[in-house]
Amino acid sequence: MVGLGLRREMLDELLEHVPQQVDFMEVAPENWLKLGGRFKKQFKTLTDANNFVCHGLSLSIGSPEPLDIAFVKSLKSFFDEHNIKLYSEHLSYCSGTGHMYDLMPIPFTDDAVAHVVARIKQVQDILERQLVIENVSYYGAPGQQLSELEFTNAILEQADCKLLLDVNNIYVNSVNHGYNAEEFLCGLPSKRIAYGHVAGHYNEADDLIVDTHGADVIDPVWQLLDKAYQLHGVFPTLLERDFNIPSINVLTKELDIIHNLQSKNASAALTQQTA
């Protein structure tokens with residue numbers, strides 16, 4: 001399965017025709033929860049006819065402040081209304097005494113693991129579904145005691161949640177923090193992967209990449225996605241594009257690449273099984 005992140009700029013095109021390459025779409029629930037009128041009707045038209053998942057922006061799972069329980073309950077109603085298949089969020093935080101409107105790194109410590117696990121369990125209890133947590137790009141690791149991989153795996157296991165495997169974020173972090181992307185990928189648990197992301201980024205310098213979702217996916221990220229399928233099997237994968245959004249016809253060329261990689265690896269796996 002191949003997905004596309006829905007942005008409002010795409011609404012008119014997708015209401016007229018959803019390309020055959022798009023098996024599911026993803027939205028940030030915060031951008032649609034409170035909309036009424038024309039936008040709400042248009043969105044409901046799409047969710048009634050297509051498979052949708054949600055990728056949140058403001059749950060702030062690592063925040064020291066209490067969870068916004070009213071917000072989580074509103075999400076549950078939204079998911080029910082629109083038949084949302086999965087809900088994912090970032091393994092980060094974006095609020096303290098106020099909202100920072102950015103994704104901040106959670107300290108890679110045992111205490112932070114325990115804190116985040118308890119909050120994920122609380123969310124899962126309210127939503128009555130497993131939360132899907134995304135490995136994020138980060139630019140600093142304050143108070144680090146664990147590796148990024150150890151931290152991520154501890155949370156997945158202890159919270160019994162799922163993983164949104166963002167291949168671009170692994171690539172970005174491998175350059176920014178000097179680790180082997182394939183080794184990191186290999187260390188993730190296949191059984192936890194719910195779906196994946198690919199996206200483009202911006203090269204600020206040779207050793208600094210900024211995760212922008214505003215450009216085409218580059219070849220090393222496609223190669224890493226190919227490796228992910230080899231290691232973990234083929235999983236649903238979504239193309240993110242948040243800025244500099246071209247026409248749907250242009251985006252479908254990247255969706256075709258995902259389809260081709262999935263077909264290739266599915267065929268290879270079948271050949272191995274029958275050999």
Side-chain angles (χ1 to χ4, degrees), residues 1-8 10-11 14-15 17-35 39-59 61 71-91 120-136 155-156 159-167 169 188-199 213 225 228-229 232-242 248 251-252 254-255 258-259 261-262 266:
M1 292 183 68
V2 176
L4 179 65
L6 171 65
R7 306 296 178 257
R8 283 188 213 169
M10 305 174 185
L11 259 181
L14 290 174
L15 282 165
H17 172 66
V18 176
Q20 63 179 7
Q21 293 96 330
V22 179
D23 300 310
F24 68 103
M25 285 180 269
E26 178 191 80
V27 292
E30 293 87 347
N31 292 338
W32 301 89
L33 264 171
K34 297 181 180 180
L35 284 182
F39 279 129
K40 183 175 182 179
K41 290 178 182 177
Q42 290 176 325
F43 183 60
K44 191 70 167 67
T45 298
L46 282 175
T47 59
D48 282 346
N50 299 275
N51 295 313
F52 268 80
V53 300
C54 277
H55 185 46
L57 300 170
S58 59
L59 184 62
I61 202 65
F71 170 67
V72 179
K73 288 181 177 178
S74 71
L75 288 176
K76 190 174 190 299
S77 299
F78 180 80
F79 298 159
D80 291 342
E81 179 182 1
H82 295 285
N83 192 27
I84 301 298
K85 308 297 184 184
L86 293 169
Y87 171 47
S88 63
E89 252 289 0
H90 304 82
L91 187 53
I120 290 176
K121 288 181 175 180
Q122 189 178 2
V123 171
Q124 292 180 149
D125 286 345
I126 296 170
L127 295 179
E128 299 181 290
R129 63 168 73 197
Q130 279 183 299
L131 184 61
V132 184
I133 288 293
E134 180 189 36
N135 59 292
V136 298
I155 287 172
L156 292 172
D160 190 23
C161 61
K162 292 291 189 177
L163 172 66
L164 166 49
L165 198 169
D166 192 306
V167 175
N169 287 349
L188 294 170
S190 301
K191 66 180 182 179
R192 296 285 176 186
I193 299 171
Y195 71 110
H197 275 175
V198 287
H213 303 171
L225 178 62
Y229 292 152
H232 300 294
V234 173
F235 48 83
T237 305
L238 180 132
L239 174 67
E240 289 187 294
R241 189 66 177 253
D242 293 342
I248 296 297
L251 291 174
T252 54
E254 292 192 297
L255 299 179
I258 303 173
H259 275 290
L261 289 174
Q262 290 185 343

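- Judged by distance alone, with hydrogens and angles left aside, the side-chain atoms of Arg8 form no donor-acceptor pair with the main-chain N or O of Phe39 at under 3.5 Å.
- Applying the side chain to side chain contact (heavy atoms under 4.5 Å, CB included) test to Ser74 and every residue at least two apart in sequence or in another chain returns Leu33, Phe71.
- Here the closest non-hydrogen pair linking Arg129 and Tyr87 is NH1-N, 4.2 Å.
- Not a single donor-acceptor pair under 3.5 Å links the side chain of Glu26 to the backbone N or O of Glu240.
- Considering only heavy atoms from C-beta on, Leu131 stays 4.5 Å or farther from Ser88 through its side chain.
- Residues satisfying the side-chain hydrogen bond (donor to acceptor under 3.5 Å, both in side chains) criterion with Lys40, sequence neighbours excluded, are absent altogether.
- Take Lys121 and apply the side chain to side chain contact (heavy atoms under 4.5 Å, CB included) test, not counting sequence neighbours, and it matches Val117.
- Remark: Asp160 engages Gln130, Arg192 in a side chain to side chain contact (heavy atoms under 4.5 Å, CB included) (not counting sequence neighbours).
- Taking 4.5 Å as the limit, every side-chain heavy atom of Glu254 sits out of range of all side-chain heavy atoms of Val198.
- Residues forming a side-chain hydrogen bond (donor to acceptor under 3.5 Å, both in side chains) with Gln21 (at least two apart in sequence, or on another chain): Asp256.
- Looking only at side-chain heavy atoms (C-beta outward), Pro19 and Ile248 come within less than 4.5 Å of each other.
- When side chains are defined from C-beta on, Leu86 does not count as touching Lys162, because their heavy atoms never get closer than 4.5 Å.
- Annotation for Ile133 and Leu91: closest pair CG2-CB, 3.5 Å, computed over non-hydrogen atoms.
- Judged purely by atom type and a 3.5 angstrom limit, Glu30 uses its side chain to pair as donor or acceptor with the backbone of Ser58.
- In this structure, Glu89 contributes its side chain and Leu57 its backbone to a donor-acceptor pair below 3.5 Å.
- Taken from CG in Leu127 to CD1 in Ile84, the straight-line distance is 12.0 Å, to the nearest 0.5 Å.
- For the pair Val72/Leu59, a side-chain contact is recorded, criterion being any heavy-atom separation below 4.5 Å from C-beta on.
- By the ring pair (Phe, Tyr, Trp, His ring centres under 6.0 Å) test, His55 is found to be paired with His90, His197, residues two or more places apart in sequence or in another chain being considered.
- By the 4.5 Å heavy-atom criterion applied to side chains, Leu4 and Met10 are counted as neighbours.
- Relative orientation of the Phe43 and Trp32 rings is parallel, given thresholds of 30° and 60° on the angle between their planes.
- Every residue meeting the side-chain hydrogen bond (donor to acceptor under 3.5 Å, both in side chains) condition with Thr237, not counting sequence neighbours, appears here in chain and number order: Tyr229.
- Heavy-atom minimum distance, Gly56 versus Pro29: CA-CD, 3.8 Å.
- Taking the side chain as every heavy atom from C-beta outward, Leu163 and Asn135 approach each other to under 4.5 Å.
- Qualifying salt bridge (Lys or Arg N to Asp or Glu O under 4.0 Å) partners for Lys44, counting only residues two or more places apart in sequence or in other chains: Asp48.
- Here the closest non-hydrogen pair linking Leu46 and Leu14 is CD2-O, 3.9 Å.
- Judged as a side-chain hydrogen bond (donor to acceptor under 3.5 Å, both in side chains), and not counting sequence neighbours, the contacts of Thr47 are His82.
- Between Leu255 and Thr252, some side-chain heavy-atom pair lies under the 4.5 Å cut-off.
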